[in-house]
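Working notes, structure below.
Side chains included, hydrogens not; waters and symmetry mates left out as well; all remaining heavy atoms used. The shown structure was predicted, so the numbers you read here are calculated from the model rather than taken from an experiment.
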Amino acid sequence: MFKACYASEMRAIDRAAEQTGAIPGIILMENAAIACVNELKKTFDINNKSVAVFCGKGNNGGDGLAIARHLYNMGVNVNIFLVASSDFKGDAAVNFDIVKNMDIPIDTITDTEGLEYIVRSFDIVVDAIFGTGINGTVRGIAYDIIRIINENARYILSVDVPSGINSDSGEICGVCINADKTVTFAGYKIGMFMYPAADCTGQIVPDSISVPDYIIEEQNLQINVTDKEFVKSIIKPREKNSQKSDYGKLLIIAGSRGMSGAAYMASQAALKSGAGLVTLACPECINTVLETKTTEVMTMPLEDEDGKFLSVAGEKIKEKLSSVGAVLIGPGMGRSEGVTELVRYVLRNSHVPVIVDADAINAVAEDMSVLSECACELIFTPHAVEFSRLTGLDVSYIEENRIQVSKEFAEEFGAVLLLKGHHTLVTDPSLVQYINNTGNPGMATGGSGDVLAGIIAGIIASSHAYEEKKSVYELVCIGVYIHGLCGDLGVKHYGERALCASDLIDMLKEVHLYEK
C-alpha cells in the first residue's frame, strides 16, 4: 500500500534513499522516466505516436529529459521543449548533457506565438515543467504555456504531479495542467486528493521507482491510500465449515414514513457485504412495506408517531443490542424528539461498534455531550454539511482543511471519522488516516450514503468470523473502498448519469476481493 506525503516528507524520502539506501539521485530519476514510459506504452502503440516533452529546469524537467531519451531510443518521434532555460543543475544537468549529444530536437520557448499549432501536431504531451517544488503563482510565459497545452493537447501525461498544483494543499497556483494521467513517485502527494487539484490529475498511477519499503516506513507517514492489496490482506475467504452465525449479527435502526428506501438499501447492502443475520428495526408504519421488499432481512417494528420512531423504542431494542456484533443507526430516520432520544439511548447502551449515519448524526449534533457517556466504538459517516453541524465549522473551511479537522474530531471524541467526498477520508483516534481512491461522480445520488453505511456495517458484523480481531477503522476503510469500487463497476454498466444507489448494491456481486 502506498502512502501519501507532503512535499517536505517526499524530500526526506529522497534524501534517505540516497544516504541510507545508497541509491543515487540519477538512478531515481532514471526509474521515474522508465515508469512514465511504461505507462505510455500501456495506453498507446507508442511507436506510432509523436510526443512533445515540456521540461522545466528542476528535477521534474530532468525526469522529462530522461523520458525523451528513452522514447527516442525506442524510435518514437519525440521533441523536447524547454520552458525556462537550459540552466540545469545536478542530475537534471546530467540528462541534459546526454540529450544534447543525441539527435532529439530541442527547442527553448521564448514566446508562445504559434505554440497552439505545435501542441496540436503531437499525439501526446508530457508535462515535466514544475513537479512538487512550485512556490507562489505561475506567471509569465509558463502560465501561457500551461494554458495553451490544456486547450490544445490531445493527451497529457504529468510527471509526479500536474504542473501548477500545490502538492500539499491542492490549490491551483494561478493555472495548472489538466492531466489525463499522472505518474507519481514513491508515494502519492496529498494535494492530489484535495480540491480543486483533484479534478486535474486524471488517473493517478503510483510507482515506487525502487525506493525500498523500509525507507518509506522510517518516515512514519500517517496518511495511507487504500488499495486492493490492503483490502485483500484484511478480508479473508470464508471457511468451508461455517454457518450464518459465524458471520455476525447486525442490527440496523432506520427508516421513517416516506423513507423506507433508505432502510431497505442499508439492510440489503449489509447482507451482500457478508453479514450473517440482519435485523432491521423500523417504525411500525413502514414495516409491511419493508417485509414485502425484503426476503432475508428480519424486521422489528417499533412504535412510531407521525411516521417516526418514538423514544420508547429504545427499551424495545435493549435485548437486541446485547446480542448483535454491530449496530447501524440513522438512515432515513428523519428528525424528531423521539428519534433524538432513541439515538442517545443506543449510544449509551451499546457495547458493540455503532455506525452513526445520516439523521443519527443530526441527532448527536443537537447535544454532543452524549458522546462522553458512550462505552462503544463509534463510527461517524458525515458529508461536509453534516460535519459542519457536528463541529460548528463552516463547510468551506472543512473542505479546505479536511485532513486537519478530521484529526481534531477523531482525537477529541475518540471516534472513527469517515468524512465523505470524492476522496473520502477515514481517520482513527490514533490519528492514522486513509484516503480512498475509488468512486466517481455518478455516485452523487440519493441513497448512495445509505448503501455505504450498510456495506460498512455488514463488513464490521462479519469480521467476527476472523480468528484475529480486526481494527474497526481498517474495516471502515475497506467498506469505503468497496463502495467506491461498486460505483466504478456500475459506471461501466450504466454510465455516470444513469447510475443510482440500488445499482451499487447490485455491483457487490462483481466485487471479487473476498476469494482466494
Spacing of [X] atom [atom1] and [Y] atom [atom2] [to the nearest 0.5 Å]:
X    : Y    : atom1 : atom2 : answer
I156 : I149 : CD1   : CD1   : 6.5 Å
N95  : I98  : CG    : CD1   : 5.0 Å
C55  : L82  : SG    : CG    : 6.5 Å
S406 : I398 : OG    : CD1   : 9.0 Å
I177 : L157 : CD1   : CG    : 11.0 Å
T20  : I13  : OG1   : CD1   : 12.0 Å

At their closest point, which heavy atom of [X] faces which heavy atom of [Y], and how far apart are they?
X    : Y    : value
S50  : D123 : N-OD2, 2.8 Å
S158 : D127 : OG-OD2, 2.7 Å
L65  : V99  : O-CG1, 3.7 Å
P196 : G170 : CD-O, 3.3 Å

| said: Tell me every residue that passes side-chain hydrogen bond (donor to acceptor under 3.5 Å, both in side chains) with S430, counting only those two or more places apart in sequence or in another chain. | reply: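 Counting only residues at least two positions away or on another chain, S430 forms a side-chain hydrogen bond (donor to acceptor under 3.5 Å, both in side chains) with D428.
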
| query | Does the ring centre of Y434 sit less than 6.0 Å away from the ring centre of Y481? | reply |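 Centroid separation for Y481 and Y434: 6.0 Å or greater.
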
| field | Any pair counted as ring pair (Phe, Tyr, Trp, His ring centres under 6.0 Å), so long as it reaches residues 1-47, sequence neighbours left out | value |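 Listed by first then second residue: F44-Y155.
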
| field | Sequence neighbours excluded, every pair satisfying ring pair (Phe, Tyr, Trp, His ring centres under 6.0 Å) that has a member inside residues 177-207 | value |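 Of all non-adjacent pairs touching residues 177-207, those that pass ring pair (Phe, Tyr, Trp, His ring centres under 6.0 Å) are Y188-F193, F193-H423.
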
| query | Is the shortest side-chain N to carboxylate O distance from D14 to R11 below 4.0 Å? | reply |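 Looking at D14 and R11, the cut-off is not met.
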
| field | Under-4.0 Å salt bridge between R147 and E151 | value |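 Looking at R147 and E151, the cut-off is met.
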
| said: When you compare the side chains of D144 and T112, does any donor N or O come within less than 3.5 Å of an acceptor on the partner? | reply: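 No, because no side-chain N or O of D144 sits under 3.5 Å from a partner of the opposite role on T112.
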
| said: Looking only at side-chain N and O atoms, does T438 offer a donor or acceptor that is under 3.5 Å from a partner on D488? | reply: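 The criterion, which ignores hydrogens and geometry beyond distance, is not satisfied for T438 and D488.
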
| According to the salt bridge (Lys or Arg N to Asp or Glu O under 4.0 Å) rule, which pairs have a member within residues 178-190, sequence neighbours left out? |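 Only E39-K181, D160-K189 qualify under salt bridge (Lys or Arg N to Asp or Glu O under 4.0 Å).
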
| field | salt bridge (charged side-chain N to carboxylate O under 4.0 Å, His left out) partners of E30, counting only residues at least two apart | value |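 For E30 the salt bridge (charged side-chain N to carboxylate O under 4.0 Å, His left out) partners, ignoring immediate neighbours, are R69.
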
| message | Any heavy-atom pair between the side chains of F81 and D107 that's under 4.5 Å? | response |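 Sidechains of F81 and D107: in contact.
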
Report, one line per pair, each donor and acceptor closer than 3.5 Å where one atom sits in a side chain of residues 444-458; sequence neighbours left out.
unit_1: S448; atom_1: OG; unit_2: M443; atom_2: O; d: 3.2
unit_1: S448; atom_1: OG; unit_2: H483; atom_2: NE2; d: 3.3

| request: Answer yes or no: are there more than 12 heavy-atom neighbours, outside E113 itself, under 6.0 Å from its atom CD? | output: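 It does not: E113 CD has 12 such atoms or fewer within range.
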
| query | Does NZ or CZ of R139 come closer than 6.0 Å to the centre of the six-membered ring of Y143, within 45° of the ring's axis? | reply |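 Checked: cation-pi criterion not met.
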
| task | Could you check D357, I355, V356, L419 and say which one makes a side chain to side chain contact (heavy atoms under 4.5 Å, CB included) with F380? | result |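 For F380, the side chain to side chain contact (heavy atoms under 4.5 Å, CB included) test succeeds with only one of D357, I355, V356, L419, which is V356.
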
